[in-house]
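Here is how names work: the chains are called A, B, and so on, in the same order as the sequence lines, proteins then strands, and each is numbered from 1. Everything quoted here is computed from the prediction, not taken from an experiment.
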Amino acid sequence: MDVPLSLTELYALLLESYGKQGWWPVLSRSNEPGFDSRGYHPGIIKVSLDDSDRWEIAVGAILTQNTAWTNVEKALYGLSEGSLETPRAVLAASAETVALAIRPSGYYNQKALRLKSFVQFYQSLKGRVPTRDELLSLSGIGPETADSMLLYAWQRPFFVIDTYTIRILKRLGYTNDCFFQKQPSKRYEDVQLYITSKLNSPQKHMQYQEFHALLVRHAKEHCGAKARCETCPLEARCRKML
DNA sequence: AACCAGGACGTGA
DNA sequence: TCACGTCATGGT
């Protein structure tokens, strides 16, 4: 283990270990076969997203800020229960009503305001794809949330950098690469450029979607705050930094 | 019973 | 610019 994994090796190894993740997880609005009793279908790739899928992904991206996805799932069902699943329903509802519905996702007062703010922008798009700067100008939408929306809701090639990504790369031994020396404020774009410059799939957004989903899967399974290295598929190639 | 989870933003130094 | 506090629920 003298040389750290290249990013393409890492991607291949994760894919081989965990299989395709098929993000973003979306709630089903139909009774199609293959969905569980709650209408949830993790791991099934929808080739073409409709408008309600896009909206749900964008909402999920806001709700999942520093929050476990299981709680986001509950909040999404809360919105559905409260008939707040459409943009115009969220627009019409009070912030208090929205907050109540999304309560399980935490930070519910902040997030309710962020959703109320975002829905106006979303409707103003009228189907157009937003730019990254437009998303960043909205209150409560930072680089990760913006990139999550662009990558998963709008299928655009923006790699998502989250705490999992940083932690995994750090532990694998990428610490010596330039981007970790930078200030935290400018680190996001540096890490993003580092990663995307080394990936070369012709279908960029698909590779970015899958890679990021695999990193999340790997972090949840083996590389959490408390690492479980015993059964880790990357154990032999990991420097276990920090 | 602390700690963690797919962040973003305001504040004071 | 940086370091830190705030926002909050639910699972382990």
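Put simply, CZ on A/Arg103 is 10 Å from P on C/dA8, counting in whole angstrom units. In this structure, A/Leu138 places its CG atom 13 Å from C1' of B/dA8, rounding to the nearest Å. Across the protein-nucleic acid pair, A/Tyr107 atom OH and C/dG10 atom C1' stand 12 Å apart, rounded to whole Å. Between the OH atom of A/Tyr188 and the P atom of B/dC9 there is a distance of 13 Å, given to the nearest Å. Rounded to an integer number of Å, the gap from CG of A/Leu113 to P of B/dG10 is 12 Å. Rounded to whole Å, the distance from CG on A/Leu135 to P on B/dA8 is 11 Å. Between the CD atom of A/Glu221 and the P atom of B/dA5 there is a distance of 15 Å, given to the nearest Å. Rounded to an integer number of Å, the gap from A/Gln65 CD to C/dT9 P is 16 Å.
Across all strands, A/Leu215 comes closer than 4.0 Å to no nucleic acid atom at all (heavy-atom distances). Within 4.0 Å of A/Glu144, counting heavy atoms only, lie sugar-phosphate atoms of the nucleic acid but no base atom. Counting any heavy atom pair closer than 4.0 Å across all strands shown, A/Ser105 reaches no nucleic acid atom. Across all strands shown, A/Leu63 has no heavy atoms under 4.0 Å from either base or sugar-phosphate atoms. Among the atoms of the strands shown, only primed sugar atoms or phosphate atoms (P, OP1, OP2) are found under 4.0 Å from some heavy atom of A/Lys74.
To the nearest whole angstrom, the two P atoms, one in C/dA8 and one in B/dG10, are 15 Å apart. Taking the C1' atoms as reference points, C/dA3 lies 22 Å from B/dA5, given to the whole Å.
A/Arg128 CZ: more than 12 foreign heavy atoms inside a 6.0 Å radius. With a 6.0 Å radius and a threshold of 12 heavy atoms from other residues, nucleotides or ligands, A/Lys116 has its NZ atom above the threshold.
Contact detail for A/Gln192 and A/Phe158: the closest heavy-atom pair is NE2-C, 4.3 Å. A pairwise comparison of heavy atoms in A/Arg171 and A/Cys223 identifies NH1-SG, 3.3 Å as the closest pair. In terms of heavy-atom proximity, A/Ala89 sits nearest to A/Ser83 at CB-O, 3.4 Å.
Within the structure, a side-chain polar atom (N or O) of A/Arg167 is placed less than 4.0 Å from OP1 or OP2 of B/dA5. Considering only side-chain N and O atoms, A/Thr67 lies nowhere under 4.0 angstrom from the phosphate OP1 or OP2 of B/dG7. Regarding contacts with the backbone of C/dA8, a side-chain N or O of A/Asn109 is found under 4.0 angstrom from either OP1 or OP2.
You'll find that the side chain of A/Pro143 is closest to B/dA8, out of C/dG10, B/dA8, C/dC7. Minimum atom distance to the side chain of A/Tyr108 is reached by C/dA8, of the listed B/dG7, C/dG10, C/dA8.
The residue among A/Ala61 and A/Ser139 whose nearest nucleotide of DNA chain B is located toward the 5' end is A/Ala61.
Residues A/Leu115 and A/Tyr107 are members of separate hydrophobic clusters, defined by side-chain heavy-atom contacts under 4.5 angstrom among Ile, Leu, Val, Met, Phe, Trp and Tyr.
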